[in-house]
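The figures that follow rest on heavy atoms only: side chains count, while hydrogens, waters and symmetry mates do not.
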Amino acid sequence: MDLLSGLNDAQADAVQTTTGPLLILAGAGSGKTKTLTHRIAYLIAYDKIWPNEILAVTFTNKAAKEMRERLGHLLGENGASRNFMPWMGTFHGICVRLLRQDGHAIGIAPNYVIYDEDDRQGLIKQAMKQLGIVDKQIKPRAVSSAISNAKNEMLTPDDFAAGANYPFQKEVAKIYALYEKLRVTAGALDFDDLLLEAVRLFRDKPEIRKKWRAQFKHILIDEYQDTNAAQYSIVKSLVGESRNICVVGDDWQSIYSWRGADFTNILNFERDFPGTKIVKLEQNYRSTGAILEAANNVITKNVQRTDKKLWTAEPTGTPVQVHAVYDEAEEANIVASRIGLQTNMAARNYGDFAVLYRMNAQSYSLERAFLQQRIPYQIIGGVRFYDRKEIKDIIAYLRLLYQPNDRMSFSRIVNVPTRGIGATSLEKFLIWQANSGMDIVASLVNAEQTSTLTPRAKTAMAKLGDTLRSLQMQVLSDASPSDIIENLIQRTGYRDFILDGTPQAEEREANIGEMISGAKLFATLPDFLEEVALMSSADKGEDEQKVTLMTIHAAKGLEFPVVFMVGMEEGIFPMTRAAEAGPKELEEERRLCYVGMTRAREELHLSYAQSRLQFGQRNYNPASRFLSDMGHELVSVAPSFQRDDSYDEYSDIPNFDIGQSVRSAQFGVGEVIDIDGMAVTVRFVSGTTKKLNVEYARLEKL
């Protein structure tokens with residue numbers, strides 16, 4: 001096979017440059033995987049390099065598998081064989097093999113075990129117990145995150161302790177030191193250790209470093225902009241005198257600083273390896289000219305970046321569509337309606353569409369609209385809104401308040417947040433409760449009556465019972481679902497429980513905030529729980545074509561004919577903390593916007609809302625600065641849905657009469673049959689009757 005066939009001039013240049021340091025700046029959709037694969041094949045076929053003399057590092061195991069299969073096809077080899085390209089894989093996978101072979105030189109037994117995140121948190125709990133650290137504000141998840149960040153920066157426990165200035169940091173320093181001792185005793189490495197110990201191996205054992213330098217005659221690193229400090233050190237250690245290193249990447253697409261990636265590694269490659277040849281892959285094979293030009297206009301506002309200009313031989317195509325909408329509900333309905341229109345006409349399949357958002361919490365309104373319009377969807381890189389742990393926890397509380405004999409819900413929340421109620425105590429309590437004639441909440445309140453529980457367990461049970469009884473009174477008084485939820489997360493300590501200092505804490509809080517916003521659409525708890533049940537039990541079949549919903553981070557490396565980017569507002573995208581933190585953080589948000597835009601092949605739709613419910617509050621944020629960055633001549637402001645001239649559905653003082661015909665975006669057409677202050681009861685043509693809060697239900701008069 002002609003290994004240069006089908007390559008453009010820049011790609012062919014990169015493939016044939018086989019000596020010395022090479023930096024391939026590969027723009028979005030420019031065929032970098034094809035170039036990298038053909039370059040490895042060229043080394044084997046023409047330069048007669050043995051496959052086991054090539055170290056090829058990919059960002060994911062999936063990427064390694066696909067590249068190995070492509071390479072096998074090019075060379076007529078079995079790409080699925082583990083013996084073919086034995087040193088192709090992720091940094092972690094490569095380090096596992098290196099340490100199995102030579103880790104004994106630094107005291108690591110070949111039979112070491114690898115701890116995952118659950119294992120690490122379990123060991124952290126042991127360390128905290130031994131140290132007598134019982135501060136409820138210090139969560140194992142937060143400690144694990146801090147230790148991981150320290151290891152990514154190659155900080156030892158002593159290094160971390162030396163820089164610990166705040167009480168939390170000082171406590172983590174103590175836990176980190178003991179955690180490391182316990183881990184070593186257990187003969188285990190966590191995922192961060194795989195990199196750190198490889199760094200230590202090459203640093204402390206020059207003879208081993210020399211051996212592997214001789215082994216790897218060529219080193220190729222994909223997604224070099226996403227390497228962290230430890231990975232950078234490993235690369236530097238393995239490059240031999242011939243300096244045959246090729247890195248591929250795009251600093252414009254570096255979006256992982258929050259997990260230790262340092263995009264300056266690719267910016268400084270020429271400094272690290274003088275005499276570097278640079279090849280720019282600037283022809284884009286994915287997007288239309290209009291999409292590409294708008295994305296270029298966004299990214300070129302960044303100051304710290306390499307200089308390149310992507311272009312395409314594709315037609316200009318449809319201008320980027322910008323949708324100005326009233327709120328998040330209309331935004332979701334427009335997305336769903338446009339998808340439905342094209343699929344109903346058989347112009348596209350559901351799998352041709354992707355909806356991208358900055359935070360997982362934004363999927364809530366989209367999921368509702370898709371379910372209402374019967375559009376099949378899948379969540380990638382996350383879970384469906386009502387399947388997320390924090391949401392299921394709150395729903396379990398609500399169900400127990402509504403039905404105090406619900407054992408499944410009680411078992412889920414009895415120790416969430418932690419109350420010191422063990423499995424044995426729970427089992428004894430449930431046996432007693434079953435024979436008491438009381439429901440679960442009443443039994444908790446009267447837990448002192450049982451003789452089978454320890455005094456500590458009785459106290460914990462009774463305290464939980466008092467909290468639930470108070471919340472139950474709120475339910476019985478017909479308080480709104482949103483008020484019940486807000487009171488619940490405060491009274492139970494659940495808000496403090498999720499705000500544990502980890503990077504995921506803000507996402508969990510945003511999910512609960514979105515849940516509160518959604519609950520405002522309902523006047524009663526039973527109506528809200530019915531909605532939840534219908535949404536969470538929706539069809540989850542995997543055989544049909546589906547629209548893809550995901551965060552922009554999860555979309556990296558993917559492409560779709562049509563992409564919707566929602567929530568293009570200041571405070572959401574860019575996020576408030578990034579906009580306020582400084583130029584560095586804002587530039588990463590802009591890179592993330594560029595990544596999202598360049599996922600689109602043929603159509604790109606961007607939407608921003610005049611108002612949006614967040615954390616139960618109606619916010620009015622201006623349109624994202626990224627929209628104006630794109631260039632007015634390249635975008636088209638799409639007309640929104642037409643509304644009545646009266647705008648009654650958005651009036652501050654709802655004005656309905658019994659017998660009034662109305663339309664709900666969620667339930668369809670119906671008739672008002674009762675009015676009670678801000679709540680109206682509507683009988684819909686579908687046969688269902690709903691009591692709705694008109695301030696949030698946005699009923700349209702007919």
Side-chain angles (χ1 to χ4, degrees), residues 1-27 29-98 212-227 231 234-235 238-240 242-250 266 269 273 276-281 283 285 557:
M1 180 178 290
D2 181 3
L3 295 178
L4 301 181
S5 176
L7 301 179
N8 63 36
D9 291 344
Q11 291 171 334
D13 189 15
V15 166
Q16 296 176 91
T17 302
T18 59
T19 58
L22 174 65
L23 170 60
I24 303 176
L25 292 175
S30 62
K32 73 175 180 67
T33 302
K34 180 177 184 179
T35 303
L36 196 57
T37 305
H38 279 250
R39 190 174 190 276
I40 295 173
Y42 195 91
L43 288 171
I44 295 171
Y46 291 97
D47 286 12
K48 307 304 178 185
I49 304 296
W50 288 99
N52 66 352
E53 295 177 325
I54 298 174
L55 174 64
V57 183
T58 60
F59 193 61
T60 64
N61 288 312
K62 180 183 177 182
K65 180 176 181 291
E66 292 176 353
M67 190 177 293
R68 187 179 279 110
E69 290 173 349
R70 287 197 197 187
L71 198 55
H73 176 70
L74 287 176
L75 296 173
E77 299 282 350
N78 179 9
S81 171
R82 293 177 62 88
N83 296 322
F84 179 61
M85 294 301 299
W87 294 102
M88 176 179 282
T90 64
F91 270 106
H92 288 90
I94 298 296
C95 288
V96 167
R97 297 194 59 195
L98 290 170
W212 288 108
R213 278 186 172 181
Q215 167 81 26
F216 299 132
K217 297 201 167 37
H218 283 268
I219 297 174
L220 299 95
I221 315 289
D222 193 12
E223 303 286 8
Y224 192 67
Q225 78 279 353
D226 293 325
T227 52
Q231 292 162 342
I234 291 168
V235 171
L238 289 175
V239 176
S242 63
R243 302 192 308 152
N244 289 333
I245 177 171
C246 167
V247 301
V248 185
D250 182 11
I266 196 168
F269 187 79
F273 300 97
T276 290
K277 178 174 179 176
I278 300 176
V279 175
K280 297 180 181 180
L281 304 185
Q283 183 175 359
Y285 293 93

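- A 4.5 Å side-chain heavy-atom check between Lys280 and Ser30 finds every atom pair outside the cut-off.
- A search for salt bridge (Lys or Arg N to Asp or Glu O under 4.0 Å) contacts involving Lys217 returns Glu53, not counting sequence neighbours.
- Relative ring orientation between Phe273 and Phe269 is described as tilted, the plane-to-plane angle lying within the 30° to 60° band.
- Residues Leu36 and Asp222 meet the side-chain proximity criterion, which asks for heavy atoms closer than 4.5 Å.
- Here the shortest heavy-atom pairing between Tyr285 and Gln11 reads CE1-NE2, 4.0 Å.
- Remark: Phe59 engages Tyr256 in a ring pair (Phe, Tyr, Trp, His ring centres under 6.0 Å) (not counting sequence neighbours).
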Intermediate values then yes/no, side-chain contact (heavy atoms from CB on, under 4.5 Å), Thr227 and Phe91: CA-CA 9 Å; Thr227 52; Phe91 270 106; 3.9 Å; yes
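- Heavy atoms only, all atoms of each residue included: His218 and Leu43 are closest at CE1-CD2, 3.6 Å.
- Of all non-hydrogen atoms in Ala45 and Leu3, the two that sit nearest each other are CB-CD1, 4.0 Å.
- Val235 is listed as a side-chain neighbour of Ile221, based on a closest heavy-atom distance under 4.5 Å.
- In summary, the side chains of Asp250 and Tyr224 do not present any donor paired with an acceptor at a separation below 3.5 Å, with no hydrogens or angles considered.
- Pairing each heavy atom of Val15 with each of Thr35, the nearest pair is CG2-O, 3.7 Å.
- Every side-chain contact (heavy atoms from CB on, under 4.5 Å) that Lys277 has, sequence neighbours left out, goes to Asp13, Thr17, Leu22, Val279.
- When atom types are taken as modelled, the side chain of Asp47 and the backbone of Ile49 share no donor-acceptor pair closer than 3.5 angstrom.
- By the 4.5 Å heavy-atom criterion applied to side chains, Met88 and Ile94 are not counted as neighbours.
- Between Glu69 and Lys65 a salt bridge is recorded (basic side-chain N to carboxylate O distance below 4.0 Å).
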